[in-house]
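Below: one structure, written as structure tokens.
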Amino acid sequence: MYALVDCNNFFVSCERLFRPGLRSKPVAVLSNNDGCFISRSQEVKDIGLPMGAPVFKYKQAIKANDVTLFSANFELYGDMSQRIISVLRSVTPLIEVYSIDECFVDLSQLAIDDHQTWAVAVRERIFQEVGIPVSIGIAPTKTLAKVASTASKKRGGALAIDTDDKRLELLQDLPIEDIWGVGRQLAPKLKDKGVSMALQLVNASDGWLKQQFTIVGIKMVDELRGIARLPFGDSKDTRGQIMRSRSFGHRVRAYHQLESAVSTFAAQASVKLREQNSLTHKIVVFLSTGKHAMETKHASTDVVLIEPTQDTARIITAALEGLHDIYDGDFAYMKAGVILHDLTDIESWQLSFMSNESRRDERTALMQSMDSINKQYGTVIWHASEKPIDADWHSKKKLRSPRYTCAWDELPILRG
DNA sequence: TCTGGGGTCCTAGGACCC
DNA sequence: TCTGGGGTCCTAGGACCC
């Protein structure tokens, strides 16, 4: 069995901790530039201000209902999140931190008589020790635990799906768009086929499901049927990608402003990179007019580093080169960002670097940089031979760069 | 005028290899 | 030297999550 511990209106709850007078008053937390709602108290939900909605469109309602607004304070939320996680860790080490306000717990190693009672106790303990109200759902799969925790919000904040009857009862009342994994695209598609409730999905034939879904959807339905198909993540603290980006809140045309933003993002991203002890091999720089512009434009570029690096100065330099390549003074940008891709563990970078031999277009550059690598690592021996290739074959295969064959496996570093 | 900032996983199809 | 067809790797982009 799995538990999902889900913080109620998390950011709002954090702010209320320091402003107890705001309990039971309408409160919302806003995104960067105070652009849109990212957390709402129950009172604000009842007023009808939607999640993610732009604040300027709801000025009237905010004033009329005397809604208290906060600019987001992610340091505070991160700190409160850690406190909740440490309470859970004291119960069992088998937890998966899913997001800043959600945590899965594997209950299989715990001696629990009654799941409902356990959930109530843990919920009370978190509220006592941290002051944040949470909802706890317990079920045989992660997706069902999610269903349970959502349903628990109207039933005192703790709910265990420990019988099939309970499971079916909940699925009967669950609209498909509220299922974890059903989004904007899938929901209308399913409704067109006459499927609007989760129970219909669970009762559908395997043949029909195979027609409608890819493997992702099949797994989702299995999870709803009580068959665990999602791995219990060993809460990786090393990300596969690191992104820093920001909307400006107004249109930016001046190159120096973009330059300053991009170098800041590159620096911040490289700090994250060092914290997780990784190297980056590819840097993506992007500029965008934002998705709400009449005419949306998006420009991005990949900067591939021949030698993976962790060095802030090099990352900034490379990012600015990328910016220079894509900058087009003709239109104004609303947003900019830097993404670090192809992250490698710092201890094993030589291996992954060398074994990437199918990146043919990088080969030429690699050959040129081999000298410096030889100097740096001393023992690297390598060789490459260029095969003669006739012009016809070349154009047929649409090869843009000469073809090389390199005996990477002769590198002593791979054997070591 | 002003509409978040992160992430993950999967797939289709091209690139590449034998 | 023949230049096909199938397997595999890689990438961009989509869909989804909070």
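Residue numbers start from 1 in every chain, and the chains themselves are labelled A, B, ... in the order their sequence lines are given, proteins ahead of strands.
Residue A:Asp6 is classed as having no contact, given no heavy-atom separation below 4.0 Å to the nucleic acid. Among the heavy atoms of the strands lying under 4.0 Å from A:Lys146 are primed sugar atoms or P, OP1, OP2 only; no base atom is included. Using a 4.0 Å heavy-atom distance criterion, A:Ile242 is classed as a sugar-phosphate-only contact. Among the heavy atoms of the strands lying under 4.0 Å from A:Gln185 are primed sugar atoms or P, OP1, OP2 only; no base atom is included. Contacts of A:Ile339 with the nucleic acid, taken as non-hydrogen atoms under 4.0 Å apart, are absent. Looking at heavy-atom distances under 4.0 Å, A:Asn33 makes no contact with the nucleic acid at all. In this structure, A:Val182 reaches the sugar-phosphate backbone alone: every heavy-atom distance under 4.0 Å involves primed, P, OP1 or OP2 atoms, never a base. When heavy atoms are screened at a 4.0 angstrom cut-off, A:Tyr98 is found touching the sugar-phosphate backbone but no base atom.
Rounded to an integer number of Å, the gap from A:Met334 CE to B:dG4 P is 8 Å. If you take CE of A:Met51 and P of B:dT3, they are 17 Å apart, rounded to a whole angstrom. Straight-line distance from the CG atom of A:Leu190 to the P atom of C:dA15: 14 Å, rounded to whole Å. If you take CG of A:Leu343 and C1' of B:dT8, they are 14 Å apart, rounded to a whole angstrom. At whole-Å resolution of the value, CG in A:Asp302 and P in C:dA12 are 5 Å apart. The separation between A:Asp342 atom CG and B:dT8 atom P is 13 Å, rounded to whole Å.
In secondary-structure terms, DNA chain C builds stems of at least 3 consecutive Watson-Crick or G-U pairs, each pair having both distances under 3.5 Å, at B:5-18 with C:5-18.
Taking the ring axis of A:Phe104 as reference, the NZ or CZ atom of A:Lys142 stays within 45° of it and closer than 6.0 Å to the ring centre.
When the side-chain nitrogen and oxygen atoms of A:Arg244 are compared with OP1 and OP2 of B:dG6, one or more of them lie within a distance under 4.0 Å. Distances shown here put every side-chain N or O of A:Arg239 at or beyond 4.0 Å from the OP1 or OP2 atom of B:dG6. Remark: A:Lys282 is in phosphate contact with C:dA12, judged by side-chain N or O atoms under 4.0 Å from OP1 or OP2. Within the structure, a side-chain polar atom (N or O) of A:Ser247 is placed less than 4.0 Å from OP1 or OP2 of B:dG5. Note on A:Arg184: every side-chain N or O is 4.0 Å or more away from OP1 and OP2 of C:dG14.
For A:Asp328, the side chain to side chain contact (heavy atoms under 4.5 Å, CB included) partners are A:Asp330, A:Phe331, A:Tyr333, not counting sequence neighbours. With sequence neighbours left out, A:Ala254 forms a side chain to side chain contact (heavy atoms under 4.5 Å, CB included) with A:His256, A:Gln257.
Taking the side chain of A:Leu186 as heavy atoms from C-beta on, and the options C:dC18, B:dG4, C:dC16, the nearest nucleotide is C:dC16. The side chain of A:Trp180 has C:dC18 as its nearest neighbour among B:dT3, B:dG4, C:dC18. You'll find that the side chain of A:Arg246 is closest to B:dG5, out of B:dG5, B:dG7, B:dT3. Distance from the side chain of A:Lys335 is smallest for B:dG5 among the nucleotides B:dG5, B:dG4, B:dC2. Distance from the side chain of A:Asp101 is smallest for C:dC18 among the nucleotides B:dG5, B:dC2, C:dC18.
Put simply, the side chain of A:Gln116 reaches to within 4.5 Å of the side chain of A:Leu159, judged on heavy atoms. Proximity of A:Phe10 to A:Ile38: side-chain heavy atoms (C-beta onward) are nowhere separated by under 4.5 Å.
Salt bridge annotation for A:Glu169-A:Lys166: absent, with no cationic side-chain nitrogen under 4.0 angstrom from a carboxylate oxygen. Between A:Arg125 and A:Glu129, at least one side-chain N (NZ, or NE/NH1/NH2) sits under 4.0 Å from a carboxylate O, which counts as a salt bridge. Ion pairing between a basic and an acidic side chain is recognised when a charged N comes within 4.0 Å of a carboxylate O; A:Lys153 and A:Asp6 show such pairing.
Sorted by first then second residue, the salt bridge (charged side-chain N to carboxylate O under 4.0 Å, His left out) pairs that include residues 195-212 of chain A, not counting sequence neighbours, are A:Asp206-A:Arg225.
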Scan the side chains in residues 44-56 of chain A for donor-acceptor partners under 3.5 Å anywhere in the protein, sequence neighbours excluded, and list what turns up.
from, atom 1, to, atom 2, distance (Å)
A:Lys45, NZ, A:Asn9, OD1, 2.7
A:Asp46, OD1, A:Gln42, NE2, 3.0

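Contact check of residues 194-222 of chain A against DNA chain B (heavy atom, cut-off under 4.0 Å) returns A:Thr214, A:Ile215, A:Val216, A:Lys219.
B:dC16 and C:dT3 are spaced 15 Å apart, taking the C1' atom of each and rounding to whole Å.
When each of A:Phe37, A:Tyr77, A:Phe70 is checked for a ring-ring contact (aromatic ring centres under 6.0 Å, His included) with A:Phe11, only A:Tyr77 meets the rule.
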